[in-house]
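As structure tokens, the structure follows; a few thoughts come after it.
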Amino acid sequence: MRAPDGPPVTAGDVLLSIDNVSLSFGGVKAVSGVSFDIRKGEIRAIIGPNGAGKTSMLNIINGFYHPQEGVITFKGEARARMRPHDAADGGIARTFQNVALFRGMTALDNIMAGRTLKMRRNMFWQMLRIGPALAEEVEHRHRVEEIIDFLKIQEIRRTPVSRLPYGLQKRVELGRALAMEPELLLLDEPMAGMNIEEKEDMSRFILDVNDHYGTTIALIEHDMGVVMDLSDRVVVLDHGIKIADGTPNEVKSNQAVIDAYLGVAH
Ligand SMILES: Nc1ncnc2c1ncn2[C@@H]1O[C@H](COP(=O)(O)OP(=O)(O)O)[C@@H](O)[C@H]1O
Ligand SMILES: [Mg+2]
């Protein structure tokens, strides 16, 4: 795989690195001097008690927030100030802590919406629906159908998402992110609010995504069992500071991590 303007990226290479990044909102330091990296093909969990700075970190990675300090390097290139749609163009997609779908639209159309970022042809062709735009639309449909098959949501493809159970809404949202063909997928609590069966389903899809689509995942998740099962490496934040970084087993037995979790009611 070769980045458009960067060096080749192969499995195990560092895809994204965060170096000494700090972000404040007025007086609140959401993230303080945090450094870690994400390697190609891994599932990298970001965990920590509520208010630890996890969502802020994802918003920094996808360019929604610009940190006051630090450097973010994606595919070997230090990144300048960017906007979220630059992130999508550059191969980063995300799902949200609270489902953010077009509620009146069908599952199919929501996933198709993820493709609009890939639409390159001009409006003229799209209105005529001929020539290059038609070929492109066929290609989009094909990709979307493939994602629908992968996520096993054929039966609900024509259902407005507002009528779907929560677990399936989250799955549609994953589908929309995949439709952007990301290299890096950011998942903010993809299993929050799910029952055990829904969690097991979602875990299986998350495990399969990297193999099937060649992606890399940054995952925020509260359920420690899920984190232990899914992730290759875990970074732990507490009050905006990185307190641990390692394999799930290393992190689980780390005293600072145990203290951080005991100190905060969930
Ligand atoms: N847009 C914002 N404006 C002001 N404060 C914010 C904003 N986003 C997050 N914060 C604050 O930053 C800290 C980290 O929040 P967040 O990243 O959402 O934590 P987490 O996702 O780990 O629960 C919290 O103290 C939160 O109140
Ligand atoms: Mg959060």
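Both counts, for ligands and for their atoms, begin at 1 and track the order of listing. Numbering starts at 1 and runs along the sequence shown.
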With respect to the Mg ion (ligand 2), please indicate if S56 possesses an N, O or S atom at a distance under 2.8 Å. no
Assess, by modelled atom type and distance only, whether the side chains of Q255 and D259 contain a donor and an acceptor separated by less than 3.5 Å. yes
Any donor-acceptor N or O pair under 3.5 Å, side chains D19, S17: yes
As a test of understanding, state which of T215, N210, D211 forms a side chain to side chain contact (heavy atoms under 4.5 Å, CB included) with Y213. T215
Tell me, which protein residue and heavy-atom name are nearest atom 16 (P) of ligand 1, and how many Å apart are they? S56 OG, 3.8 Å
In this structure, atom 6 (C) of ligand 1 is nearest to the protein heavy atom F25 CD1, 3.2 Å
Give a yes/no verdict on whether any heavy atom in G51 is under 4.0 Å from an atom of ligand 1. yes
Counting from 1, what ligand 1 atoms have a heavy atom of [X] closer than 4.0 Å?
X: N50; value: 23 (O)
X: T55; value: 17 (O), 18 (O), 20 (P), 21 (O)
X: A52; value: 19 (O), 20 (P), 22 (O)
X: A30; value: 12 (O), 13 (C)

Counting heavy atoms only, which of S24, G48, G53, P49 is nearest atom 19 (O) of ligand 1? G53
Below 3.5 angstrom, do we get any N/O pair linking V28 and ligand 1? no
Salt bridge check: are D149 and R157 linked by an N-O gap of less than 4.0 Å? no
One thing to verify: whether K170 and D201 come together as a salt bridge, which I'm taking to mean a side-chain N less than 4.0 angstrom from a carboxylate O. no
Determine yes or no for a side-chain-to-main-chain donor-acceptor pair under 3.5 angstrom, with [X] supplying the side chain and [Y] the backbone.
X: S231; Y: I43; answer: no
X: E221; Y: A45; answer: no
X: K54; Y: G48; answer: yes

Testing E145, E139, E146 one by one against R143 for a salt bridge (Lys or Arg N to Asp or Glu O under 4.0 Å), which residue passes? E139
Can you tell which part of Y65 has a heavy atom less than 4.0 Å from ligand 1: side chain, backbone, both or neither? side chain
Just to confirm, does any protein heavy atom lie below 4.0 Å from atom 26 (C) of ligand 1? no
Does some non-hydrogen atom of the protein lie less than 4.0 angstrom from atom 8 (N) of ligand 1? yes
